[in-house]
Participant: 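Have a look at this one.
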Amino acid sequence: MRLILTLYCFFFASILFAQRSVTNINKEWQFTKDKQGKWEPVSLPHTWNVDDVMDDVPGYYRGVGWYKRNLFIEKKYKGKQLCLLFEGANQVAEVFINGKKAGAHLGGYAAFYVPISSLINYDRDNELLVKVDNSHNQDIPPLSADFTFYGGIYRDAWLVAVEPLHFSYANNTSGVFISTPSVTATSATVQVKATITNDGVGARKIKLNSIVKNRTNKIVASVSQLITIDGGTEKTISQPLISVKNPQLWSPESPYLYNITTEIRDAATGKLLDALTNPLGFRWFHFDAAKGFFLNGKPCKLVGTSRHQDYKGMGNAVPDSLAVKDIVLLKKMGGNFLRVAHYPQDASVLAACDSLGILTSVEIPIVNEI
C-alpha cells in the first residue's frame, strides 16, 4: 500500500503549486442514456457498458450517454483561466456550460482540455453537461478490434485554474515537453520545450526556469531564460540544453528518477505564475537484428505482457489504484516490459512503469483497418 500511495502522490505532484489549482470533480454526477429520461447518481470513472458486455445477449449498447453535475466556482477565481481536464471519454465528447457549448473532442484514449472561463457565473452553481457517444464512427479509430469500445467518461476529471500567463493547454497537452537528446554513462543533456500562453492584454516579461533535482531533492542542473510574450499570443520556446554530469542511469534493475520543474516567473517581481514538475530518467537503447535489445549499452532480454484497461465488473472505468496494481504484479512476477495495447492508457500506468522499472511500448488505437 505504501508503494501505491507513493506513486499516486508523485504523479499528481504538479497540483501542489500555489499558482496552479487542480481540483478533482469525480463526484456528484448524474447519468442517463436518454436526456429526457430518469437521471441516476454516478461517480467517475464511469461506463454504461459494465453489465451489457458481460451478459448473454449478443452485442452491447453503442450510442449516446449524458452526464451532468453542478459546478460551484468561487469569486476568487475570477481573473484566472479556468478549464476542464478529462483524462478520457469514449469516444466523442461535447461539453456544455450553462447550456452553451464549451468544446468537443474526438477520440476515446487521450486526455483533453475544455476552456470554460467565458461561460462561468461566479459564486453560484453552473450546470456542466457532457454528451458522450461511443457509436461506430468511420472517422475515429479503432474501427474494429477484439475488445469492447466502452462508452462513458471512464477516467478522472479535473477543474484546472491558472494565471492569465500560463503553460498552454490549447493542444491538449501540459505545454511542457522533456527529451534527452544524448545520454552516456558520464554525461547527459536535457531539452525542455515549453509553449506559453499570455491571455492578458499587454506584453509580459518573464523568466522561464527549468531545474533538475535528484532523488534527494538536490539541484544538479538548471537553465534560465528572459522572454517577452505579447498579450493575446502563444509562444513556443526551446530552452538551451541542460547538461548533467555522471547521471544515475534508469534501468529495470535500478529505476532511478530525477525530477525537472519548469516554472514561469514574472521577470520584475520574481512572482511564480505557473509551474509543472515532470519525472526524468536517463537511459539509451538500441536494437540489433542478430543480438536483440540493448539498454545502456548492455543486452537486455525483454520479458513481460500485454495489458488492456478493463476489469470484470468495472469495464474500462478502472481507478488509478487498480491500474498501478497491474504494474506492481508485473514487476513481482519478474517482468521488465509492458506492451500498452491497443491504445494509450491512463497516465498512472506510465508513471508506475517509470517508478518501478518497466520498459513500455505504447500503441496508437489503429487495429485491423483505418
Side-chain angles (χ1 to χ4, degrees), residues 9-25 73-87 102-103 111-118 120 122 156-179 190-213 217 219 221-240 242 258-280 347 351:
C9 292
F10 179 80
F11 177 61
F12 291 112
S14 63
I15 72 175
L16 302 178
F17 287 102
Q19 305 308 315
R20 173 178 287 252
S21 170
V22 182
T23 305
N24 184 272
I25 54 169
I73 307 294
E74 297 178 64
K75 197 171 184 179
K76 69 179 182 179
Y77 287 105
K78 201 167 187 178
K80 298 264 193 180
Q81 291 298 309
L82 302 175
C83 66
L84 300 170
L85 167 59
F86 294 93
E87 292 185 12
F112 60 96
Y113 290 84
V114 179
I116 61 172
S117 296
S118 63
I120 289 296
Y122 293 91
D156 298 323
W158 308 84
L159 172 67
V160 181
V162 292
E163 295 289 328
L165 202 151
H166 56 91
F167 291 114
S168 176
Y169 46 74
N171 294 316
N172 294 323
T173 71
S174 69
V176 176
F177 304 87
I178 314 295
S179 61
V190 182
Q191 175 73 72
V192 179
K193 184 177 178 182
T195 301
I196 299 172
T197 299
N198 182 1
D199 286 315
V201 176
R204 294 283 297 272
K205 285 188 176 182
I206 62 165
K207 187 175 283 189
L208 181 64
N209 304 319
S210 289
I211 303 132
V212 178
K213 295 182 179 180
N217 218 31
I219 296 176
S222 64
V223 67
S224 183
Q225 282 175 288
L226 282 172
I227 301 160
T228 299
I229 301 183
D230 293 332
T233 66
E234 182 179 281
K235 197 169 190 175
T236 298
I237 299 102
S238 292
Q239 292 198 283
I242 304 171
Y258 294 77
N259 70 73
I260 179 167
T261 298
T262 306
E263 59 180 30
I264 304 170
R265 291 187 180 269
D266 184 273
T269 65
K271 179 185 176 183
L272 181 65
L273 302 176
D274 201 2
L276 290 169
T277 293
N278 285 287
L280 175 64

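Computed from a prediction, not measured in an experiment: that's the story for all the values here.
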Participant: Please assess Gln19 against Lys271 for the test side chain to side chain contact (heavy atoms under 4.5 Å, CB included), listing each intermediate value before the final yes or no.
Facilitator: CA-CA 10 Å; Gln19 305 308 315; Lys271 179 185 176 183; 4.0 Å; yes
Participant: Between Ala267 and Leu226, which heavy-atom pair has the shortest distance, and what is it?
Facilitator: CB-CD2, 3.9 Å
Participant: Apply salt bridge (Lys or Arg N to Asp or Glu O under 4.0 Å) to Asp266 and list each qualifying residue two or more places apart in sequence or on a separate chain.
Facilitator: Arg204
Participant: Once you round to the nearest 0.5 Å, how far does CD1 of Ile25 lie from CG of Leu84?
Facilitator: 5.0 Å
Participant: Nearest 0.5 Å, what's the CD1-CD1 distance between Ile120 and Ile73?
Facilitator: 5.0 Å
Participant: With sequence neighbours excluded, tell me which residues meet side-chain hydrogen bond (donor to acceptor under 3.5 Å, both in side chains) with Asn209.
Facilitator: Ser224, Glu263
Participant: I need the minimum non-hydrogen distance between Val114 and Gly103, along with the two atoms involved.
Facilitator: CG1-N, 3.8 Å
Participant: Taking side-chain hydrogen bond (donor to acceptor under 3.5 Å, both in side chains) as the definition, give me every residue that meets it alongside Glu234, ordered by chain and number, with sequence neighbours left out.
Facilitator: Ser168, Thr197
Participant: Check Leu272 against Ala275 and note the closest heavy-atom contact, atom names and distance.
Facilitator: CD1-CB, 4.1 Å
Participant: For the CG atom of Asn24 and the CG atom of Leu85, what is their distance to the nearest 0.5 Å?
Facilitator: 10.0 Å
Participant: Under the rule for side-chain hydrogen bond (donor to acceptor under 3.5 Å, both in side chains), what residues qualify as partners of Thr236, not counting sequence neighbours?
Facilitator: Thr195
Participant: Which heavy-atom pair separates Ala194 from Phe167 by the least distance, and what is that distance?
Facilitator: CB-CE2, 3.9 Å
Participant: To the nearest 0.5 angstrom, please state how far the NZ atom of Lys213 sits from the CG atom of Leu280.
Facilitator: 13.5 Å
Participant: Excluding sequence neighbours, so at least two apart, what forms side-chain hydrogen bond (donor to acceptor under 3.5 Å, both in side chains) with Ser210?
Facilitator: Gln239, Thr262
Participant: I need the minimum non-hydrogen distance between Pro115 and Cys83, along with the two atoms involved.
Facilitator: CA-CB, 3.8 Å
Participant: Is the shortest side-chain heavy-atom distance between Lys80 and Glu163 below 4.5 Å?
Facilitator: yes
Participant: Spell out, as yes or no, whether a donor-acceptor pair under 3.5 Å connects the side chain of Ser117 to the backbone of Leu82.
Facilitator: yes
Participant: Show your working on side chain to side chain contact (heavy atoms under 4.5 Å, CB included) between Val192 and Phe177 and close with a plain yes or no.
Facilitator: CA-CA 6 Å; Val192 179; Phe177 304 87; over 6 Å; no
Participant: Measure the spacing between OH of Tyr77 and OG1 of Thr23 and express it to the nearest 0.5 Å.
Facilitator: 5.0 Å
Participant: For Ile242 and Ser222, which heavy atoms make the closest approach, and how far apart are they?
Facilitator: CG2-N, 4.1 Å
Participant: Could you tell me whether a side-chain N or O of Lys235 sits under 3.5 Å from a main-chain N or O of Asp230, the two making a donor and an acceptor?
Facilitator: no
Participant: Is Leu208 close to Ile264 at the side-chain level, that is, under 4.5 Å between some pair of heavy atoms?
Facilitator: yes
Participant: With a 4.5 Å heavy-atom cut-off, do Lys193 and Ser179 have their side chains touching?
Facilitator: no
Participant: Sequence neighbours left out, what passes ring pair (Phe, Tyr, Trp, His ring centres under 6.0 Å) with Tyr113? Give chain and number order.
Facilitator: Tyr169
Participant: Determine, step by step, whether Glu87 and Trp158 satisfy the side chain to side chain contact (heavy atoms under 4.5 Å, CB included) criterion, reporting the C-alpha distance in whole Å, the side-chain angles of both residues, the deciding distance to 0.1 Å, and the verdict.
Facilitator: CA-CA 8 Å; Glu87 292 185 12; Trp158 308 84; 2.8 Å; yes
Participant: Nearest 0.5 angstrom please: Leu273 CG to Leu165 CG, how far?
Facilitator: 6.0 Å
Participant: Side chain to side chain contact (heavy atoms under 4.5 Å, CB included) between Asn217 and Asn259: does it pass, once the steps are laid out?
Facilitator: CA-CA 8 Å; Asn217 218 31; Asn259 70 73; 4.2 Å; yes
